[in-house]
Amino acid sequence: SDLCLIGSRLLYGAESWVLRDQRTKDFVHSAVMRLYRRLLKLAPEMPLHDDDILHQLQLPSPSELLRIARLRYLGSLFACNSVASWGLLNQDQEWMSLIEDDFTWMYAQLKDSSDLLPPHQHLEQWFHIIKWHRSFWKRLIKRASLHAILQRSKHWQLVCFHRSVFDFLNSHGVCTPLPVIPAKDVAQVFGCMVC
């Protein structure tokens, strides 16, 4: 219930967000990951990789949450076709490029389990589904999201397996440990209020 309550407040209006700078993207990412850490009841100081948290919760990553919100919103726009301001939407090139990228992401998730053709070649097919088969469109979004979650989880398990094999071989002296490269001191950069 925490996720539904806080997540809906945190991502209110996310379907129209255009995150222009890396600082804002990092802020949204860390806010969602803090929420996920809270769901796992992890102490803030406990070091845990983002992929490990996402694997344990089996939830979409912050960027995928934004993709899902935009794709669902597009379905809502098609549902109210007569009152949607398509001219204004078409002028918003940044948002439109995000939607194009979302279609590409969705196709990458579904291409091996669906007859859908690439959106950059057959966009009419995608628009037909969004306009006339709304429940199917919602199921496609859910399926794409689930596929992304499972693929990331599978990749994380593989990385953990490789690490455990390396640690085992290293503990038995079969392979030499990797050299530790000291971190360089990076001078802090302070910008003016405008920056």
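Just so you know, these numbers come straight off a predicted model, no measurement behind them.
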Checklist entry - For His155, does the NE2 atom have more than 12 heavy-atom neighbours from other residues, nucleotides or ligands under 6.0 Å away? => result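 Counting other residues, nucleotides and ligands, NE2 of His155 stays at 12 neighbours or fewer.
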
Item to check | Neighbour count >12 (heavy atoms, 6.0 Å) for atom CG, Asp115 | outcome: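 Incorrect, the count does not exceed 12.
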
Of all residues at least two apart in sequence or in a different chain, which pass the salt bridge (charged side-chain N to carboxylate O under 4.0 Å, His left out) check with [X]?
X      : result
Arg37  : none
Glu15  : none
Asp101 : Arg67
Glu94  : Arg20

Item to check | Residue list, side chain to side chain donor-acceptor pair (under 3.5 Å) with Gln91, at least two apart or on another chain | outcome: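 Applying side chain to side chain donor-acceptor pair (under 3.5 Å) to Gln91 gives none.
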
Item to check | Partners meeting side chain to side chain donor-acceptor pair (under 3.5 Å) with Thr104 (sequence neighbours left out) | outcome: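 Listed in chain order: nothing, the list is empty.
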
So if you build clusters from Ile, Leu, Val, Met, Phe, Trp, Tyr with side-chain heavy-atom gaps below 4.5 Å, do [X] and [Y] land together?
X      : Y      : value
Leu40  : Leu59  : yes
Leu42  : Leu57  : yes
Phe136 : Phe103 : yes
Tyr36  : Ile149 : no
Trp132 : Trp126 : no

Item to check | By ring-ring contact (aromatic ring centres under 6.0 Å, His included) - contacts of His122 (at least two apart) | outcome: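 For His122 there are no ring-ring contact (aromatic ring centres under 6.0 Å, His included) partners, ignoring immediate neighbours.
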
Checklist entry - Under the ring-ring contact (aromatic ring centres under 6.0 Å, His included) test, which residues partner His172, sequence neighbours left out? => result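 Here the qualifying residues are Phe168.
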
Checklist entry - How would you list all residue pairs meeting side-chain hydrogen bond (donor to acceptor under 3.5 Å, both in side chains) that involve residues 135-148, not counting sequence neighbours? => result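 For residues 135-148, and leaving out neighbouring residues, the side-chain hydrogen bond (donor to acceptor under 3.5 Å, both in side chains) pairs sorted by first residue read Gln109-His147.
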
Under a 4.5 Å cut-off applied to non-hydrogen side-chain atoms, are [X] and [Y] in contact?
X      : Y      : result
Trp95  : Tyr73  : yes
Ile129 : Leu116 : yes
Leu19  : Leu66  : yes
His133 : His128 : yes

Next on the checklist: With side chain to side chain donor-acceptor pair (under 3.5 Å) as the test, pick out the partner of Arg152 among His55, Gln157, Glu64, Gln58.
Outcome noted: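 Option passing the side chain to side chain donor-acceptor pair (under 3.5 Å) with Arg152: Glu64.
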
Please tabulate, for the side chains in residues 26-33, all donor-acceptor contacts under 3.5 angstrom to protein atoms that are two or more places apart in sequence or on a different chain.
from	atom 1	to	atom 2	distance (Å)
Asp26	OD1	Gln22	NE2	2.9
His29	NE2	Asp50	OD2	2.7
Ser30	OG	Asp26	O	3.0
Ser30	OG	Phe27	O	3.0

Mind checking the [atom1]-[atom2] spacing from [X] to [Y]? Nearest 0.5 Å is all I need.
X      : Y      : atom1 : atom2 : result
Ser114 : Leu140 : OG    : CG    : 6.5 Å
Arg70  : Ile99  : CZ    : CD1   : 6.0 Å
Leu54  : His49  : CG    : NE2   : 9.5 Å
Trp17  : Thr24  : CH2   : OG1   : 10.5 Å
Ile141 : Arg72  : CD1   : CZ    : 6.5 Å
Asp51  : Cys160 : CG    : SG    : 9.0 Å

Item to check | Geometric class of the Phe78/Phe127 ring pair [parallel <30°, tilted 30-60°, perpendicular >60°] | outcome: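 Ring orientation, 0 to 90° scale: tilted.
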
Checklist entry - Other hydrophobic cluster members with Leu150, side-chain heavy atoms of Ile/Leu/Val/Met/Phe/Trp/Tyr under 4.5 Å, chained? => result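 So far as hydrophobic clustering goes, Leu150 is joined with Leu146.
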
Next on the checklist: Among residues at least two apart in sequence or on other chains, which ones pass side chain to side chain contact (heavy atoms under 4.5 Å, CB included) with Leu169?
Outcome noted: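 Result, side chain to side chain contact (heavy atoms under 4.5 Å, CB included) vs Leu169: Val165, Val174, Cys175.
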
